[in-house]
Amino acid sequence: MSITKVKKTELIKTYKSSDSDNGGSAESQVAVLTERIRNLTEHMKKMPKDEHSKRGLLVLVNRRKKLLAYIKGRNPEDYESLIKKLGIRK
């Protein structure tokens with residue numbers, strides 16, 4: 001259900017906001033959360049009665065929602081490009 005260290009590093013490299021970014025930027029955090037949400041969504045399709053994982057999924061979605069709101073308030077152009085790259089919303 002969780003992502004591998006290699007996949008996480010790859011996502012951070014792809015979505016980092018600057019050369020010195022090690023995964024702390026909101027953009028890279030959203031990318032990692034999106035991958036975790038996709039993995040957990042696939043798990044929930046197989047195991048619909050897994051209430052603990054359902055709660056974890058909701059926590060991840062809400063965390064991503066808050067980070068996206070932060071990015072949108074800071075720079076709407078970055079927000080639009082990020083959601084298009086990740087294939088979420090619109």
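Since we're looking at a predicted model, the values are computed, not measured.
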### Message
Measuring only between side-chain heavy atoms, which start at C-beta, is Arg64 closer than 4.5 Å to Leu68?
### Response
yes

### Query
To the nearest 0.5 Å, what is the distance between NZ (Lys7) and CG (Leu11)?
5.0 Å

### Query
So how far is it from Ile71 CD1 to Ser81 OG, rounded to the nearest 0.5 Å?
9.0 Å

### Task
Would you tell me whether Ser2 and Arg36 have side-chain atoms, one donor and one acceptor, within less than 3.5 Å of each other?
no

### Message
Run Glu10 and Lys13 through salt bridge (charged side-chain N to carboxylate O under 4.0 Å, His left out) and show every step you take.
### Response
CA-CA 5 Å; Glu10 182 181 303; Lys13 282 183 185 177; over 6 Å; no

### Query
Is it true that Val32 and Leu58 fall in one hydrophobic cluster, defined by side-chain heavy atoms closer than 4.5 Å?
no

### Summary
CG of Leu33 to CD1 of Ile3, rounded to nearest 0.5 Å, is 8.5 Å

### Message
Using every non-hydrogen atom in the two residues, find where Ser25 and Asp21 come nearest and quote the distance to one decimal.
### Response
OG-OD2, 2.7 Å

#### Entry: Lys84 side, atom NZ; Tyr79 side, atom OH - distance, nearest 0.5 Å
11.5 Å

### Query
Do Glu80 and Lys85 meet the salt-bridge criterion of a basic N to acidic O distance under 4.0 Å?
no

### CA sep, side-chain torsions, deciding dist, call: Arg38, Ile88, side-chain contact (heavy atoms from CB on, under 4.5 Å)
CA-CA 11 Å; Arg38 286 185 179 138; Ile88 53 178; 4.1 Å; yes

#### Entry: Separation of Leu57 CG from Thr41 OG1 (nearest 0.5 Å)
5.0 Å

#### Entry: Working for side-chain contact (heavy atoms from CB on, under 4.5 Å), residues Glu27 and Lys16
CA-CA 7 Å; Glu27 291 84 0; Lys16 66 182 179 177; over 6 Å; no

### Task
Verify salt bridge (charged side-chain N to carboxylate O under 4.0 Å, His left out) between Glu77 and Lys72, making sure each step is shown before the conclusion.
CA-CA 8 Å; Glu77 295 83 26; Lys72 187 175 184 180; over 6 Å; no

### Task
Indicate, with yes or no, if Met47 and Val61 share a hydrophobic cluster defined by side-chain heavy-atom contacts under 4.5 Å among Ile, Leu, Val, Met, Phe, Trp and Tyr.
no

### Query
Are Leu86 and Leu82 side-chain neighbours, meaning at least one heavy-atom pair lies under 4.5 Å?
yes

### Query
So how far is it from Thr34 OG1 to Gln29 CD, rounded to the nearest 0.5 Å?
11.5 Å

### Task
Determine, step by step, whether Ile12 and Asn22 satisfy the side-chain contact (heavy atoms from CB on, under 4.5 Å) criterion, reporting the C-alpha distance in whole Å, the side-chain angles of both residues, the deciding distance to 0.1 Å, and the verdict.
CA-CA 7 Å; Ile12 290 170; Asn22 291 326; 5.9 Å; no

### Message
Is it the case that atom CZ in Arg74 sees more than 12 heavy atoms from other parts of the structure closer than 6.0 Å?
### Response
yes

